[in-house]
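Since the structure is predicted, the reported quantities are computational estimates derived from the model, not experimental observations. Basis for what follows: all heavy atoms, side chains included, without hydrogens, waters or symmetry-related copies. Numbers for residues simply follow the sequence, beginning at 1.
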Amino acid sequence: MFDVIIVGGGPTGLFLACELRLAGIRPLMLERRPEPDLADKAHGLAGQVVRLLDNRGLFERCGGRGAPAPAPGFFFGGMPLPLHALGKENPMYLLPVNQRDLEQVLNERAAELGADVRRGWEVLSLSQTDDRVDVVARGSDGTETTLSTRYLVGCDGGHSLVRKQAGIAFPGISDDNVVDRSALIGPSDRFRFAPGGRVVIEGLGEIPAHFHRTDRGVFTLLAYDPERPLVNTAEWEDHPAGTFPGPGAPMTPAEMEESVERVLGVRLPLAPPPEGAPTMLRRLCGRNSRLADRYRDGRVFIAGDAAQVSHGPTLNLALQDAANLAWKLAATLQGWAPEGLLDSYGTERRACGERVLMHTRAATALMAPGGDVTALRLLFAELLDRTENLRLVAALMAGADVRYDMGEEHPSAPTGRFVPPICLTTDDGHERRLAELLRDARPLLLDLTGGDDLAATAEPWKNRVRRVTATADDAPAPALLIRPDGYVAWAGADPDSLRSALTRWFSPG
């Protein structure tokens, strides 16, 4: 009998396995692919999830340098957001990392932590009783076996078998007329990248590299790797030709060139990537926006794309699903979870999924062709000139607008939100970033009061909640109780309210 079986070995499943190991649980992860997926997919992370990886010591391992710093700009609906105007209130952090490289880092971390990762195992079916879930899986040699677990988590993507077998509905909408084409190409003398995220194209001139909307569609040319830039187009077509794999023929370089010419109005010959470099030619017809009606069915949970799909930052959402669920599963398995803790996973994370679907669909609408949309973009640009509106959109895109209900009627400012970055001087005289104290994924009471009242209050929880005393110039409260997923469960200096929060989230000591 396993404690937790994770179905799906992409970033979500791997990060969940890492989080569970940090919490003292030994999960089994089953992945049908015999080897990690090297396909070119997502190209970066944005928002609070970047700081979550920093909390686990993975930011630099994924190519970041030092500590995460807010990005001076970003985009919404293809419109530039001058985030530098927000100063210290800028919530947008960026980490440009290819999904395959992120998976490699998480694979290595899972191995370091001793996670049981089994590749070449395909889950065929599942059934559950009051006390376990039985999983029928087939190994790479064709042998079928039944595995039993106390809890099962489906991290198996938008076509999730786990979600379907658990009977969890996946309502949503599909826009069948949007066609996205992508290709990795080689360098060319027909274009060059310019400062400020712009590109100069022969026969057209200088345009934004990230998003360039015309009356015929959207064009992007991104230099994640200057030796093999990524070109994308989005067009609205009456009769899409189908996707691949699936209905429709595979996309060709000529099709990509023709799409670029339709959108830009100039021919841009596209050279293939250098020999031996990863390649990609992808056509996706239609955009799905779907959200599971619940994230749990008995002992079965879903996370990541199994719970929500959109044309938006689903990887950002997925990793935070894993962090939210892991410590709650561990608390339940270890016998100290307060009543309702596991149910709070679905309550908290589904609300986040709703927000992402909302802003993803709004952004897609702002990029559609047509004069009405052009007028809407002009109005939206005027609205973004107001700092308060820019701040709202930035927080929405970064996930910084998320505030969980921590059970207090009048919570202080940071309660319920992802903990802000804080520079500390601990009692041993060392200067540390708060992120360095969150590497072990344990609950943390950061006590900056300089007194002993909170220490006495937290004493019964000392085996579950780590207490660190320090001083800080930029702390938002005298003390913070931080959950393993990085969210502030309580803030203040009152021992009685701290006791209530400790009891609510970590059971009586």
Between R377 and L366, is there a donor-acceptor pair closer than 3.5 Å when you use the side chain of the first and the backbone of the second? yes

What's the shortest heavy-atom distance between F15 and A323, and which atoms? CE2-CB, 4.2 Å

I want to check something: taking the side chain as every heavy atom from C-beta on, are L184 and T279 in contact at a cut-off of under 4.5 Å? no

Tell me if the CD atom of E431 is crowded by more than 12 foreign heavy atoms within 6.0 Å. no

Worked check of side chain to side chain contact (heavy atoms under 4.5 Å, CB included) between L329 and V153: CA-CA 10 Å; L329 275 175; V153 186; 3.9 Å; yes

Over 12 non-hydrogen atoms of neighbours within 6.0 angstrom of CZ in R361: no

Once rounded to the nearest 0.5 Å, what's the spacing between atom CG of L14 and atom CG of L106? 5.5 Å

Residues pairing under salt bridge (Lys or Arg N to Asp or Glu O under 4.0 Å) where one sits in residues 75-91, two or more places apart or in two chains, turn out to be E89-R391

Please confirm whether the backbone N or O of R442 pairs with a side-chain atom of D440, one donor and one acceptor, at under 3.5 Å? yes

So which atom in D54 and which in F59 form the shortest heavy-atom distance, rounded to 0.1 Å? CA-CB, 3.7 Å

Do V393 and H359 come close enough that some side-chain heavy atom pair is under 4.5 Å? no

For R32, does the CZ atom have more than 12 heavy-atom neighbours from other residues, nucleotides or ligands under 6.0 Å away? no

Counting distance only, does the side-chain N/O of E227 pair as donor-acceptor with the main-chain N or O of G186 below 3.5 Å? no

Could you measure the distance from the CD atom of E60 to the CZ atom of R65? Nearest 0.5 Å is fine. 10.5 Å

Given the options F193, F75, F76, F219, H210 meets ring pair (Phe, Tyr, Trp, His ring centres under 6.0 Å) only with F75

R294: which residues meet the side-chain hydrogen bond (donor to acceptor under 3.5 Å, both in side chains) condition with it, sequence neighbours left out? D297

Within a strict 4.5 Å, meaning less than it, do heavy atoms of the L147 and L30 side chains meet? yes

For N55, enumerate each residue passing the side chain to side chain contact (heavy atoms under 4.5 Å, CB included) test, keeping only those at least two apart in sequence or located in another chain. F418, A435, L438

Under 3.5 Å donor-acceptor, T214 side chain and L264 backbone: no

Give the intermediate values and the outcome of side chain to side chain contact (heavy atoms under 4.5 Å, CB included) for residues L28 and R118. CA-CA 8 Å; L28 168 65; R118 301 184 189 179; 3.2 Å; yes

So, does T314 use its side chain to make a donor-acceptor pair with the main chain of S310 at under 3.5 Å? no

side-chain hydrogen bond (donor to acceptor under 3.5 Å, both in side chains) contacts touching residues 2-24 (sequence neighbours left out): E19-R56

Which residue pairs pass the ring pair (Phe, Tyr, Trp, His ring centres under 6.0 Å) test with at least one member in residues 307-328, sequence neighbours excluded? W327-F506

R439 CZ: over 12 foreign heavy atoms closer than 6.0 Å: yes

I'd like to know if the side chain of R119 and the backbone of P34 have a donor-acceptor N/O pair within less than 3.5 Å. no

I need the minimum non-hydrogen distance between L45 and V50, along with the two atoms involved. O-CG2, 3.7 Å

Honestly, is R163 close enough over F170, meaning NZ or CZ under 6.0 Å from the six-membered ring centre and within 45° of the axis? yes

Quick one: list whatever passes ring pair (Phe, Tyr, Trp, His ring centres under 6.0 Å) with F2, sequence neighbours left out. none

How long is the span from the CZ atom in R350 to the CZ atom in R296, to the nearest 0.5 Å? 16.0 Å

Partner set under side-chain hydrogen bond (donor to acceptor under 3.5 Å, both in side chains) for Q320, not counting sequence neighbours: none

Results of side chain to side chain contact (heavy atoms under 4.5 Å, CB included) for P208 - residues two or more places apart only: R198, H212

Given R287, which partner from the list D176, D175, D180 fulfils the salt bridge (Lys or Arg N to Asp or Glu O under 4.0 Å) test? D180

Report yes if the side chains of Y295 and L325 come closer than 4.5 Å at any heavy-atom pair, otherwise no. no

Are the side chains of Q48 and R417 in touch, meaning some heavy atoms are under 4.5 Å apart? no

Just by modelled atom types, is the A368 backbone N or O under 3.5 Å from a matching donor or acceptor in the R213 side chain? yes

side-chain hydrogen bond (donor to acceptor under 3.5 Å, both in side chains) involving E255 - partner list, sequence neighbours excluded: R181, R283

Taking D116 for its side chain and R26 for its backbone only, find out whether a donor-acceptor pair lies under 3.5 Å. no

Stepwise side chain to side chain contact (heavy atoms under 4.5 Å, CB included) test for I6 and L20: CA-CA 11 Å; I6 302 166; L20 286 168; 4.1 Å; yes

Is Q165 reaching over with its side chain to a backbone N or O of L126, donor-acceptor style, under 3.5 angstrom? yes

Does the pair R33/E103 count as a salt bridge with the N-to-O cut at 4.0 Å? yes

Minimal non-hydrogen separation, L83 against L390, with atom names: CD2-CD1, 4.2 Å

Residue pairs involving residues 259-277 (criterion side-chain hydrogen bond (donor to acceptor under 3.5 Å, both in side chains); sequence neighbours excluded): T233-S259, E235-S259, E235-R262, E257-R267, E261-R267

Which pair of heavy atoms, one from A398 and one from P91, lies closest together, and at what distance? CB-O, 3.5 Å

Correct closest heavy-atom pair for L102 and C62 would be CD1-SG, 3.7 Å

With C352, which residues qualify under side chain to side chain contact (heavy atoms under 4.5 Å, CB included), at least two apart? L317, R349, V402, Y404

Given the rule in the side chain to side chain contact (heavy atoms under 4.5 Å, CB included) test, do K328 and R483 qualify, once you have shown the distances and angles that lead to the verdict? CA-CA 10 Å; K328 296 173 181 179; R483 303 190 324 186; 4.1 Å; yes

Find out whether L437 and L424 are in side-chain contact, i.e. whether some heavy atom of one side chain is under 4.5 Å from a heavy atom of the other. yes

Gap separating the CG atom of L291 from the CG atom of L357, nearest 0.5 angstrom: 5.5 Å

Please confirm whether the backbone N or O of G8 pairs with a side-chain atom of D156, one donor and one acceptor, at under 3.5 Å? no

To the nearest 0.5 Å, what is the distance between CG (L222) and CG (L230)? 5.5 Å

For the residue pair R109 and L22, establish whether any side-chain heavy-atom pair is separated by less than 4.5 Å. yes

For a 4.5 angstrom cut-off between non-hydrogen side-chain atoms, does V356 reach P313? yes

P70 meets the side chain to side chain contact (heavy atoms under 4.5 Å, CB included) criterion, sequence neighbours left out, with N90, Y93

